[in-house]
Amino acid sequence: MGGVELYDRIGRTYGVTRRADPRIAAAVSDALGDVASVVNVGAGAGSYEPEQTIVAVEPSLVMIAQRPAGSAPVVRAVAERLPLRDDCADAAMALLTVHHWSDIAAGVAELRRIARRRLVFLTWRPEVLDQFWLSDYLPPSARSHAVTAGTMGRLNELLPGALVRPVLIPHDCTDGFGAAYWRRPEAYLDPRVQAGISFLARTRSQELSAGLDRLAADLATGKWHEAHSDLLALDALDVGYCLLVADL
């Protein structure tokens, strides 16, 4: 299932479970630097969209409908074919979206075409996310999506020399992406949370049920808390998410 079809199906509550976290927003802003204009590609419902955004690009009408009043103008298009002129903005950003692109090389080429100074991506390092405890409860299909879909290796190939900045995820993160609930395991049992996490939402519920039932049992008995007691005292954790910043 492609990105458009996926979010047209599951994205109706995205604006509720995927609210921008101000600490991650600050990291994104720092990565953008002093640019005066930004194109937000794969903009979704508008999370982390800075005030200097001149246009947002999003293929899903369901996601576009959730953009708040006063957001930047939005065009319905895909990253691989941007209906924008060359060098139209200082920077282009693509946050937690590259793993849904059908052709990463084409998408990166398009971002390079429209941006004069800088590209900023938010994605994840698969070798780190693979160690996240939730993987122990996932069926192979969901784990494969979670770990391998980050496309970090491909971005490094296409943008050699880009700076990688790890993004620590706060324990009370308001943006409910894949590993955001690392200290709140009970959240993964909530269907609304599952619907906002693409690698869970694209996995059949019957495939997930066995692992999530085990998680529920481990929470009820205290087994999860005993196994992961080291996490309970942490305020933030590196679970693999990172910003990749490429100057052009």
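Across Glu58 and Gly44, no two heavy atoms sit closer than the pair OE1-N, 2.8 Å. Taking all atoms of both residues into account, the shortest heavy-atom contact from Trp182 to Tyr188 is N-OH, 4.1 Å. In terms of heavy atoms, Met152 sits closest to Leu244 at CE-CD1, 3.7 Å. Between Val38 and Met93, the shortest heavy-atom distance links the atoms CG1-CG, 4.0 Å. The two atoms that bring Phe177 and Arg18 nearest to each other are CB-NH2, 3.4 Å, heavy atoms only. Residues Asp90 and Arg116 approach most closely at OD1-NH2, 2.8 Å, considering heavy atoms.
Not a single donor-acceptor pair under 3.5 Å links the side chain of Ser29 to the backbone N or O of Ala26. In terms of modelled atom types and a separation under 3.5 Å, the side chain of Arg76 and the main chain of Ile64 share no donor-acceptor contact. At distances below 3.5 Å, not a single donor-acceptor pair connects side-chain atoms of Ser135 with backbone N or O atoms of Gln131. Formation of a donor-acceptor pair under 3.5 Å by the Arg154 side chain with backbone atoms of Ala105 is not found in this model. Although no hydrogens or angles enter the test, the distance criterion places no donor-acceptor pair under 3.5 Å between the side chain of Tyr181 and the main chain of Asp172. When atom types are taken as modelled, the side chain of Glu80 and the backbone of Ser102 share a donor-acceptor pair closer than 3.5 angstrom. Checked by atom type and distance alone, the side chain of Ser71 pairs as donor or acceptor with a backbone atom of Pro68 at under 3.5 Å.
A heavy-atom distance below 4.5 Å is found between the side chains of Leu159 and Arg112. Residues Asp21 and Pro170 are in side-chain contact: their nearest non-hydrogen atoms beyond the backbone lie under 4.5 Å apart. Looking only at side-chain heavy atoms (C-beta outward), Asp218 and Tyr137 come within less than 4.5 Å of each other. Looking only at side-chain heavy atoms (C-beta outward), Val108 and Leu155 come within less than 4.5 Å of each other. Considering only heavy atoms from C-beta on, Leu84 comes within 4.5 Å of Val55 through its side chain. Between Leu119 and Val245 the shortest side-chain heavy-atom distance does not fall below 4.5 Å.
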* To do: Begin with the C-alpha distance, continue with both residues' side-chain angles, and end with the deciding distance and a verdict on side chain to side chain contact (heavy atoms under 4.5 Å, CB included) for Thr151 and Phe121.
  => CA-CA 11 Å; Thr151 69; Phe121 299 86; over 6 Å; no

* Asked: For Ile169 and Tyr241, what are the C-alpha separation, side-chain angles and deciding distance, and is it a side chain to side chain contact (heavy atoms under 4.5 Å, CB included)?
  -> CA-CA 8 Å; Ile169 306 305; Tyr241 293 90; 4.0 Å; yes

* Take Val164 and Leu243, measure what side chain to side chain contact (heavy atoms under 4.5 Å, CB included) needs, and give me the verdict at the end. => CA-CA 6 Å; Val164 177; Leu243 287 160; over 6 Å; no

* To do: Evaluate the salt bridge (Lys or Arg N to Asp or Glu O under 4.0 Å) criterion for residues Asp238 and Arg125: first the C-alpha distance (whole Å), next the side-chain angles of each, then the deciding distance (0.1 Å), finally the verdict.
  => CA-CA 10 Å; Asp238 181 0; Arg125 292 161 286 153; 2.6 Å; yes

* side chain to side chain contact (heavy atoms under 4.5 Å, CB included) assessment of Cys173 paired with Arg184 -> CA-CA 10 Å; Cys173 184; Arg184 294 169 290 167; 4.0 Å; yes

* Asked: Run the salt bridge (Lys or Arg N to Asp or Glu O under 4.0 Å) check on Arg23 and Asp235 step by step: do they pass?
  -> CA-CA 12 Å; Arg23 293 151 292 191; Asp235 291 327; over 6 Å; no

* Output, in order, the C-alpha distance, side-chain angles, deciding distance and verdict of salt bridge (Lys or Arg N to Asp or Glu O under 4.0 Å) for Lys223 and Glu226. => CA-CA 5 Å; Lys223 183 178 179 179; Glu226 181 179 356; over 6 Å; no

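Applying the side chain to side chain donor-acceptor pair (under 3.5 Å) test to residues at least two apart or on different chains, the pairs with a partner in residues 41-54 are Asn40-Glu49, Tyr48-Asp175, Glu49-Arg67. Judged as a salt bridge (charged side-chain N to carboxylate O under 4.0 Å, His left out), the pairs with a partner in residues 30-46 (not counting sequence neighbours) are, in order, Asp30-Arg165, Asp34-Arg117.
Under a hydrophobic clustering in which Ile, Leu, Val, Met, Phe, Trp and Tyr are joined whenever their side-chain heavy atoms come within less than 4.5 Å, directly or via other members, Leu168 and Trp133 fall into different clusters. Residues Leu237 and Leu96 are members of one and the same hydrophobic cluster, defined by side-chain heavy-atom contacts under 4.5 angstrom among Ile, Leu, Val, Met, Phe, Trp and Tyr. Put simply, Leu163 and Val128 are part of two different groups of oily side chains (I, L, V, M, F, W, Y) that touch within less than 4.5 Å, one to the next.
How far NE2 of His99 is from OG1 of Thr123: 7.5 Å, rounded to the nearest 0.5 Å. Rounding to the nearest 0.5 Å places OG1 of Thr17 at 11.0 Å from CD of Gln194. Of the inter-residue distances, the one linking Asp213 atom CG with Leu189 atom CG reads 8.5 Å to the nearest 0.5 angstrom. For the atom pair CG (Leu208) and OG1 (Thr203), the distance works out to 5.0 Å, reported to the nearest 0.5 Å.
Classified by interplanar angle (parallel below 30°, tilted 30° to 60°, perpendicular above 60°), the ring pair Trp224/His228 is tilted.
The side-chain contact (heavy atoms from CB on, under 4.5 Å) test with Leu111 is passed by exactly one of Val41, Val57, Leu248: Val41.
The pair Asp130-Arg143 meets the salt-bridge criterion, with a side-chain N (NZ, NE, NH1 or NH2) lying under 4.0 Å from an Asp/Glu carboxylate O.
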